[in-house]
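This chain uses plain numbering: 1 for the first residue, then up along the sequence. We use all heavy atoms of the structure for the numbers below, so side chains are in, but hydrogens, waters and symmetry mates are not.
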Amino acid sequence: PGNQSVFSTEQQQAVITLRQQFAELMLRSDSMLGVPSSIYNPDGFLTDPSTDPAVAIGRNYFDQNRTVFGLTVDDLSELQTTDQHVSSTSGTTHIYLQQQYNGISVFHGAANISVDSAGRIVVIGNSLVPSLADSVNTLVPTLSPGAAATRGAENLGLQVTGPLNIMSGPSGADRRVVMSNGGVSL
C-alpha cells in the first residue's frame with residue numbers, strides 16, 4: 001500500500017516506525033510532493049482516545065509525525081484551520097487546514113483530518129508542501145491583477161469582453177483584489 005520509494009530515507013524510517021504501531025497501516029503517497037497523501041488504519045484508529053479539542057488532536061498528530069510527512073517546524077507554523085464540521089450522523093469532526101507562508105495561502109497546501117467522537121483520528125488526508133521555504137521563489141507578484149484575471153479566464157476557456165477594473169485591494173498578506181467581471185459570465 002503506497003509507494004515508499006518517493007520518500008526520503010528519514011521518511012521511510014519514520015513510516016517503518018509507524019507501521020510497527022499499526023501493522024495494517026494504509027498509506028498512499030503523492031509522488032510529486034514526496035509525501036503521504038492519506039493515512040488510515042483499517043484495524044482501528046491512528047491515535048488513542050483524547051479529550052483534547054479535535055483541531056488540537058489533528059495538529060498534534062502532524063507535529064508528532066513531521067518526519068513521516070517530510071515537514072519542518074516552519075512548514076507547520078502557519079497552518080490555519082479553514083473549516084471544521086461535526087457529522088450529525090457519526091459525531092466525527094472533519095477538520096480542514098490550509099498551509100500558509102508569510103500569511104499567503106499555499107496553492108494545494110491543505111490537509112484534512114477526521115476525528116471521531118472519542119477523540120481518535122480516523123483518517124488523514126495531506127497535500128502540505130514539505131520544506132516550503134525552499135520552494136518559494138518570490139513573494140512579489142509577477143502579474144498585475146488584470147493580467148492574472150485575464151490569464152485565469154483564458155485558462156478556463158472564457159473570453160474577457162469588458163474592462164477589468166480593480167474594485168478594492170490589494171489588501172492583506174495575500175494581496176487580495178476584487179475586480180469587476182470584465183464581461184466574463186460563467
Side-chain angles (χ1 to χ4, degrees), residues 2-3 6-8 11 27-39 53-56 58-63 65-87 92-115 123-186:
N3 178 1
V6 300
F7 297 160
S8 70
Q11 283 176 283
L27 185 144
R28 293 195 179 158
S29 61
D30 179 325
S31 60
M32 189 172 91
L33 289 175
V35 298
S37 59
S38 67
I39 299 178
V55 170
R59 287 175 176 269
N60 288 340
Y61 190 85
F62 275 107
D63 286 339
N65 293 283
R66 272 192 326 268
T67 305
V68 169
F69 294 99
L71 299 167
T72 66
V73 171
D74 289 340
D75 293 336
L76 297 172
S77 68
E78 292 188 66
L79 274 184
Q80 299 295 312
T81 303
T82 57
D83 197 13
Q84 80 178 48
H85 167 75
V86 179
S87 168
T92 298
T93 302
H94 304 283
I95 303 154
Y96 303 91
L97 303 174
Q98 174 64 51
Q99 191 176 27
Q100 294 188 339
Y101 183 80
N102 286 353
I104 300 170
S105 292
V106 176
F107 183 68
H108 285 305
N112 59 285
I113 304 133
S114 296
V115 180
V123 64
I124 298 260
N126 172 57
S127 62
L128 298 175
V129 178
S131 303
L132 180 58
D134 296 339
S135 300
V136 175
N137 62 357
T138 184
L139 294 176
V140 179
T142 57
L143 293 175
S144 70
T150 299
R151 188 170 296 172
E154 289 169 353
N155 285 336
L156 293 171
L158 304 172
Q159 186 173 4
V160 176
T161 61
L164 287 164
N165 298 317
I166 294 177
M167 308 300 282
S168 67
S171 63
D174 61 359
R175 301 181 45 84
R176 183 165 298 148
V177 172
V178 176
M179 302 189 75
S180 62
N181 66 17
V184 174
S185 177
L186 297 178

(message) Evaluate Leu97 against Arg59 for side chain to side chain contact (heavy atoms under 4.5 Å, CB included), listing each step before the verdict.
(response) CA-CA 9 Å; Leu97 303 174; Arg59 287 175 176 269; 4.1 Å; yes
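- A donor-acceptor contact shorter than 3.5 Å links the side chain of Gln99 to the backbone of Val129.
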(request) Check the pair Ile39 / Val68 against side chain to side chain contact (heavy atoms under 4.5 Å, CB included), numbers first and verdict last. (result) CA-CA 10 Å; Ile39 299 178; Val68 169; 4.1 Å; yes
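- The shortest heavy-atom contact between Thr72 and Ser131 is CG2-OG, 4.4 Å.
- For the side chain to side chain donor-acceptor pair (under 3.5 Å) test, residues two or more places apart in sequence or in another chain that qualify with Ser87 are Ser90.
- Here the shortest heavy-atom pairing between Tyr101 and Val106 reads N-CG2, 4.0 Å.
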(request) Could you walk me through whether His94 and Asn112 pass side chain to side chain contact (heavy atoms under 4.5 Å, CB included), step by step? (result) CA-CA 7 Å; His94 304 283; Asn112 59 285; over 6 Å; no
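- Across Ser114 and Thr92, no two heavy atoms sit closer than the pair CB-CG2, 3.9 Å.
- Atom CE of Met32 and atom OG of Ser127 lie 9.0 Å apart (nearest 0.5 Å).
- Applying side chain to side chain contact (heavy atoms under 4.5 Å, CB included) to Leu128 and the options Leu76, Asp75, Asp30 leaves one that passes, Leu76.
- Residues Val160 and Glu154 fail the side-chain proximity criterion, which asks for heavy atoms closer than 4.5 Å.
- Using a distance-only test at 3.5 Å, with no hydrogens or angles considered, no donor-acceptor pair links the side chain of Arg151 to the main chain of Leu143.
- The main-chain N or O of Asn165 is found under 3.5 Å from a side-chain atom of Ser180 such that the two form a donor-acceptor pair.
- For the residue pair Gly109 and Gln98, the shortest heavy atom distance occurs at O-NE2, 3.1 Å.
- Using a distance-only test at 3.5 Å, with no hydrogens or angles considered, a donor-acceptor pair links the side chain of Asn126 to the main chain of Pro36.
- Using cut-offs of 30° and 60° on the angle between ring planes, the pair Tyr61 and Phe69 is perpendicular.
- In plain terms, the two heavy atoms of Met167 and Met179 that are nearest each other are CG-C, 3.6 Å.
- Residues meeting the side chain to side chain donor-acceptor pair (under 3.5 Å) test with Gln11, sequence neighbours left out: Ser8.
- Remark: Leu132 CG to Asp74 CG distance equals 9.0 Å, nearest 0.5 Å.
- Between Pro130 and Gly70, the shortest heavy-atom contact is CB-O, 3.0 Å.
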